[in-house]
Amino acid sequence: MEGPLLELKKVSKRFGGLWANREVSFKVFSGEVLGLIGPNGAGKTTLFNVITGFLRPDSGQILFAGQDITGWPPDKVCRAGIARTFQLVRVFRGLSVFENVLIGALLRNPKPKAAAELTRQLIELTGLRPWAEELVDGLPIAVKKRVELARALATGPKLLLLDEVMAGLNPKERQEAVELVRRLKSELKVTVLMVEHVMEVLMPLSDRVVVLDFGVKIAEGRPEEVVKDPEVIKAYLGERYAAGFGSLGGL
Amino acid sequence: MTAELLIQVVVSGLLIGFVFALISVGLTLIFGVMDIVNFAHGEFLMLAMFTAFWLYALFGVDPLFSVLACGPLLFLVGVLTHKLLIKHILNAPMLAQIFCTFGLSVFLKSLAQFLWGPNFRSVTEPLLGGRIELFGVFFGLPQVTAALGAVAATGAVYLLIYRTELGRALQATSEDRQTAALMGIDTEKMFTLAWGIGAGCVGVAGALLAMFYYIYPEVGTIFALTSYVVVALGGFGSVTGALVGGLIIGLVQVVSGFFSPAFKMVVVYLVYLAVILIRPQGLFGRW
Amino acid sequence: MVRFLGLGLLLLGLLLFPLAVELPYPQHVMILIFLYAMMGLAWNIIGGYAGQVSLGDATYFGIGAYTTAILLRELNLSPWVGMALGALNAVVVSLVLGYPCFRVRGHYFAIATIALNEIVATIFTNWDFVGGAVGIYVPILPESFVNLQFHRSKAPYYYIALGMLILVILLNLWLSRSRLGYYFRAIRADQDAARALGIDITRYKLIAYALTAAITSLGGSFYAMYVLYIDPTSVFAFSISLLVVLVAVLGGVGTVAGPILGSVILISLSEGTRVLLGGTGRALDVAIYGLLVMAISVLQPQGLVAWFRALRQPKAREVKVGRAPS
């Protein structure tokens, strides 16, 4: 089996006296979808920020395709092949959907013509054609999230970090998003690391799951194993339920 | 460089440094609580100086007593600035925020020029005129008084921020606006107060400066630029930083003024660039 | 189609203007309008596109003016070469200032630009080689295009200024379609999102600022050859920086038509108050500028162009919510 695409080695990050991430280690393998879950405040977004260079870890290493990218600035990380979406959607206001995705495409396609071609393809793929020429400012959140996703994809990443894509979406929109992620994996061969709260979505999508609680990794493995892990149940529902509860979320 | 000369330079630097500190405390307070740089800070100072001057020229009130008028007056100006302008751009992009206070600065400066002309005025016979001997060297009594006044005012603000309930509320708002609101703090009141106190500091400083400094419409610019440097050096949002920074810049300015009067401000600005390059958060800055 | 026709007519009108109106003063006003429109468009690159507020562009105006004048005086160097070298100087200075500032928050940069303006003005005022506070007279040369000097009529200056403006307009139009322009706008819209897309924001801010500095300095070089006398007060004046910002902001930050519209309005206002109110009027028109800037920042940060757009298309963007994807 080939080496991991992304490897975290004892990554730690503290804010003042609080450990947001504490010696977190895990691997992400090429072609898989890895789910990252944990109760609120578990340090998931901090971890994303550390991986993508927005924050510097206090200790530990991040290896991407064998290369040490610890402490690299965000733009360098993106050029290396990691793209991300943000928990609170950050599309470029004042620009159209097309332009937003185009800016992503310009990374590996400096000539606007080639970039525009790639942009058109991605807009088709992500179903954004009806809104392509509209300004993102007034669009519904589900569409904005898709724009952010298409834009991240336009940078041609090997690894895509998705930060709570499902938040704020209604069940139908969620279904569409799940479909999209599935296609990312099957058609575009993009490896995905996704943070998610919505269990019904995460579990079926993920090949493997990593669970964080209070900054520490408490479980790792296949979804069906993780939901039965007593530590995980305790983290989510408290001590009381750990003993008597079969598994999480009725899955 | 004789010992006397050294004392002269160092003490002069500290004296004006205290005034810089007071001005900068006002600026840093506004920035700390609102996250907005008041580009009109210098013009607030200029207004205070002119107020003190006119009170002197028309009613014979010495600037030392005008402190009691200028402080509250500028407090009011600060409050009005917030209520009429700043409140509306709290969540606007940085471009709009910068332009708003920048526009105010331009407006006040040119209004002053239109109303009172560009000429230099001064309070020719201050109450506490003359010289005083310290450490075997002579200093202007107005300068020393101004420094003492500035120390008193800075001390008062310091106590307000760090030793009162109100001050704690201000600190909380500057730390994290949303959490402060959730904790029941009236953030609108905090903002208004920040502007009021911030401008009030400058009001006191202006009256004190009027005792010995030239008064003219452009006078605010130089003090404003100096206080930006002080705040950057001390750390945006830090009152302690404004005090320490003020003293350092006061010293830097007087020392370089000694070697080259024309270029003394150049040295101060170079300090600014150095701060940004080496330690952008300043000495006591939060980030 | 109508648009092109309208623009064509406008261009024709502008080209014919000096022939129809042979009085020097109106030509002078038009030259000022072109000059400030050009510098407003330059400001637009760093301020409108990249979103970094520069409040001291007079620095580069002055650098352009002095470089051209000094090189002509000392080395008999053609003003056109002087212009190019002035732009080079401006670029170097902008990079030196920009580099520390662009790594930190926007306020630092804004303050630094004001500070730089003061520093450079002070240096030139105290530097004997460039004439100190007295300034220098630009050597008088025989009238010709190559010498960039004309003594009998302002018309050639008019055409050169118009030509420079058109070039800068074309540059702006090119930018709006190029990778550079898109990256600038991404930085302005959301710096962190831009970084996450592989954009080195410091590098691009520096490029934007260098472009602004270069073009502004071209304006200064032109000014030196037009007025034939320069001193620190006339070329490093804060009022120049202010006017450039206003022109861009009033008209519409980030648009091509904005600075042009802004220039027309503000130069007319400036000249108008000067003519009507004489000396004291100067401060009053600046006071009005201040009010305008405040008003714009609070009411319509997008400037007048946005107002016009809103007037023409009251229902410009109707977002159809709830449409199913195809």
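Below, all heavy atoms of this structure are taken into account, side chains as well, without hydrogens, waters or symmetry copies. Convention: sequence-line order gives letters A, B, ...; per-chain numbering from 1.
Other residues, nucleotides and ligands contribute at most 12 non-hydrogen atoms within 6.0 Å of the CZ atom of C:F4. More than 12 heavy atoms of other residues, nucleotides or ligands shown are found within 6.0 angstrom of CZ on A:F54. Annotation for A:K185: atom NZ counts as buried by contact number, over 12 foreign heavy atoms lying within 6.0 Å.
Both the backbone and the side chain of A:F92 have a heavy atom closer than 4.5 Å to some heavy atom of chain C. Residue contact with chain C, scored on non-hydrogen atoms closer than 4.5 Å, involves the side chain of A:T155 exclusively. Heavy-atom distances place the side chain of C:Y183, and not its backbone, under 4.5 Å from chain A. Only the backbone of A:R93 comes within less than 4.5 Å of a heavy atom of chain C; no side-chain atom from C-beta onward does. Looking at A:L128, neither its backbone nor its side chain comes within 4.5 Å of chain C, counting heavy atoms on both sides. Contact annotation for A:L95: only side-chain heavy atoms (C-beta onward) come within less than 4.5 Å of a heavy atom of chain C. Proximity to chain C is limited to the side chain of A:P112, based on heavy atoms less than 4.5 angstrom apart.
Contact detail for C:A196 and A:R84: the closest heavy-atom pair is CB-CG, 4.1 Å. For the pair C:D192 and A:R90, the tightest heavy-atom approach, listed with the atom from each and the gap, is CB-NH2, 3.4 Å.
For the set A:E99, A:K111, A:R108, the entry with the most heavy-atom pairs within less than 4.5 Å of chain C is A:E99. Ranked by non-hydrogen atom pairs under 4.5 Å with chain A, the options C:I199, C:D200, C:L197, C:I201 are led by C:L197.
C:Y182 contributes atom OH, which lies 5.5 Å from atom CG of A:L102 (distance to the nearest 0.5 angstrom). If you take CZ on C:R185 and CG on A:N100, they are separated by 11.0 Å, rounding to the nearest 0.5 Å. Here A:T52 contributes atom OG1 and C:R195 contributes atom CZ; the two are 9.5 Å apart, rounded to the nearest 0.5 Å.
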